[in-house]
Number of protein chains: 2
Amino acid sequence: MKTIADIAKIAGVAKSTVSRFLNGGSVSEETKRKIEQVINETGYTPNAFAQSLKAKQTNMIGTIVPRLDSYATSRTLMGIDERLRELNYHMLISNAGQDLHREIESIYTLAKQKAAGIILLATQVTDAHLQAFRTIDIPVLLVGQQHEEVYSLIHDDETAGYAIGKYIAQRGHKKIAFLGVGEYDVAVGVKRKKGVAQALREHAEEVEARFFETTFSMTDAAEKAEQLFDEFSPSALICATDNIAFGAMKAAYRKKQYVPKDISITGFGGYEVTAMMHPSLTTVHIHFKEAGQMAADHITKLIKGEDIPKLAYSRFELVLRESVDIRTDHLL
Amino acid sequence: MKTIADIAKIAGVAKSTVSRFLNGGSVSEETKRKIEQVINETGYTPNAFAQSLKAKQTNMIGTIVPRLDSYATSRTLMGIDERLRELNYHMLISNAGQDLHREIESIYTLAKQKAAGIILLATQVTDAHLQAFRTIDIPVLLVGQQHEEVYSLIHDDETAGYAIGKYIAQRGHKKIAFLGVGEYDVAVGVKRKKGVAQALREHAEEVEARFFETTFSMTDAAEKAEQLFDEFSPSALICATDNIAFGAMKAAYRKKQYVPKDISITGFGGYEVTAMMHPSLTTVHIHFKEAGQMAADHITKLIKGEDIPKLAYSRFELVLRESVDIRTDHLL
DNA sequence: ATGTTTTTGGGAACCGGTTCCAAATAATCT
DNA sequence: AGATTATTTGGAACCGGTTCCCAAAAACAT
């Protein structure tokens, strides 16, 4: 591999001149020509490490994700990547595999690798996280969770939960179940549930609401939904994620409950398949990709020292489809 | 930020001694203690760039993916990441966004960043690719496509295609359609089709086979499937991906064709949702995650100069579920 | 032609580690 | 004890760039 010194020697100039040529300093037309030719002939590319060593920074943005096989993650990453590329940064993905310890580790590793900034698709923010953020001297942006000490971008899960809860209540459902996940995930486990609960509370006289809990796995969700149908038999089931809704639909099918005639089911997320399944799923579409782009914007602004809001919200929208029926029992 | 020189000064020893301590050279117990204490107090971490500058290599494996929002990609990445972590390497993901030009660019960028090796989840291998592989001086492993010049790991799409084709033919179907993608994707567009075609040819007397083409998008697939039902009305439809199968099922529903009573449909890939949908989808389950692990093994062996086969195959298995019916028309 | 300003080029130091080599010290053997 | 060998240590060079500073050359003004 050729080095800048080699190029300089071949071109008959000093290292510094080549460096200046590479970085747009003042070099005469003639030397420019000479150097350019040598570089083309040798196929020289500068060593990124030597550059970063001096620069003490890179144009890499580290993105830490809890898992890779999730629609939300993929879409968000696509958004981040797309925008970052426009802004002339690179994205480095670090997968924590749903292990908080590895998440923390990744923060330090990225810092050591001199990432210019870190985007963390968070599920929870622990003291160890905060400790890490304070230790490393790099801008950090939280996506999907918030914390007052850190710049955050969240999906406004509570308002979205409220919207879907309200919608179901207004369709005349009287027995409504919510199938969520544990509170370890603040956005999904706490906020979505809270929003739904708030909406249903406003209809407390007419509706009976019950809240259940499962995991993010479709299979677990299917099992839990079956139990839930037995012990509560709701006319509508609001699920905290689209995957949970898939499981619930499977359960309904096994129980010979027709969606939406016997039971209405809703999801949360807006995965592409929700449109293709039958019946198509009413869900809350969260603009993950857009959120990713926004995250990229925010982190780069943070790096440049520009001002951004400490807390920002991404958009969502209710997608009304076939899996929800209107209930007119009360009119009979 | 503290440097190794600072640590050395504080501990009252030479830089080289600290370096030796860090890298397990011979250092007396006493100096070890002193240095360790200083490091703990200062929270020193070595600068990764300075290290790599001398080492001329990193422990990063670059992985180039065509797209992020694909089940196959996600699962493969998980496998790679998992195994790489065990082997003490890091994975750096570069998303080409289905743009071949960006794919080539990524190869050079990764080389410049001194990745120890490159895993390319390929869709096609062009001359520009080969040119890039030859230029950079880094081991490369192709996953999903093969080329004689490069180490490759493929999913044996042809055999898998043969298996599913045979299965459908043996279930007594007489009019069989295949819905695939263009030949630009060798694995999916050419090999899967070829395998299916081969199997159907072996039943040429009884079955009439027709081959159709669409894109990877569910929506496109749904449209194409509708047309196909009109002009050919097969009793079985073999789809080249699970996503295409989703689209086809939607189309069947729109056309009031019941799956599997009126039409049998099969997928390819083995996504998790295929089990949850109704009817559950008969498909070829490709062990993407396992393939990812295998890829990680192979690339690291390549880096260490160990011997690996030029071409390896990942496993697959037929997953028989509800979306295929047996046809007994010919027995009537 | 001479003085002044602007360009251009070269030398050397620096970034923060690793590694080679030789000196100093400690341990082992006659 | 003296010689020999093994272990620790420090100094210096090196990895491949960037940048500062000053000298030489060119361009311009008087």
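Source: prediction; values computed, not measured. Chain letters run A, B, ... following the sequence lines, proteins first, then strands; residues in each count from 1.
- Atom CD of Glu306(B) has more than 12 neighbouring heavy atoms from other residues, nucleotides or ligands inside a 6.0 Å radius.
- Judged by distance alone, with hydrogens and angles left aside, the side-chain atoms of Ser70(B) form a donor-acceptor pair with the main-chain N or O of Thr73(B) at under 3.5 Å.
- For the pair Lys310(B) and Tyr151(B), the cation-pi test (distance below 6.0 Å, angle within 45°) is passed.
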Stepwise, does the ring pair (Phe, Tyr, Trp, His ring centres under 6.0 Å) test hold for His147(A) with Phe133(A)? CA-CA 12 Å; His147(A) 191 282; Phe133(A) 298 155; 8.5 Å; no
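- Bracketed by its first and final contacts, the part of DNA chain D lying under 4.0 Å from non-hydrogen atoms of chain A reaches from dG16(D) to dT19(D) in 5' to 3' order.
- No side-chain donor-acceptor contact under 3.5 Å links Thr76(A) to the backbone of Ser74(A).
- For Tyr71(B), the ring-ring contact (aromatic ring centres under 6.0 Å, His included) partners two or more places apart in sequence, or in a different chain, are Tyr271(B).
- Few gaps surround NZ on Lys34(B); more than 12 heavy atoms of other groups in view lie less than 6.0 Å from it.
- At least one donor-acceptor pair under 3.5 Å links the side chain of Thr42(A) to the backbone N or O of Val38(A).
- The residue Phe21(B) sits apart from the nucleic acid: no heavy atom pair falls under 4.0 Å.
- Taking the C1' atoms of five terminal pairs at each end of the helix from dA1(C)-dT30(D) to dT30(C)-dA1(D), the two resulting helix axes are inclined by 40°, rounded to 10°.
- Asp6(B) places a side-chain N or O within donor-acceptor distance of the main-chain N or O of Thr3(B), the cut-off being under 3.5 Å.
- Few gaps surround CG on Asn40(A); more than 12 heavy atoms of other groups in view lie less than 6.0 Å from it.
- Without hydrogens or angle criteria, Thr31(B) side chain to Val27(B) main chain gives no donor-acceptor distance under 3.5 Å.
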For nucleotides 19-22 of chain C, which of its nitrogen or oxygen atoms have a protein nitrogen or oxygen under 3.5 Å away, and what is each distance?
none

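- Under a 3.5 Å cut-off, the side chain of Ser94(B) and the backbone N or O of Ser106(B) do not form any donor-acceptor pair.
- The stretch residues 27-38 of chain B comes close to DNA chain D through Val27(B), Ser28(B), Thr31(B), each having a heavy atom under 4.0 Å from the strand.
- Asp137(B) CG: 12 or fewer foreign heavy atoms inside a 6.0 Å radius.
- At most 12 heavy atoms of other shown residues, nucleotides or ligands fall within 6.0 angstrom of atom NZ in Lys2(A).
- As judged by a 4.0 angstrom heavy-atom cut-off over every strand, Ser26(B) is placed among the base-contacting residues.
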Could you run down the sub-3.5 Å N/O contacts of the protein with nucleotides 24-28 of chain C?
none

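- Of the listed residues (Leu142(A), Leu141(A), Ile136(A)), just one forms a side-chain contact (heavy atoms from CB on, under 4.5 Å) with Ile118(A), and that residue is Ile136(A).
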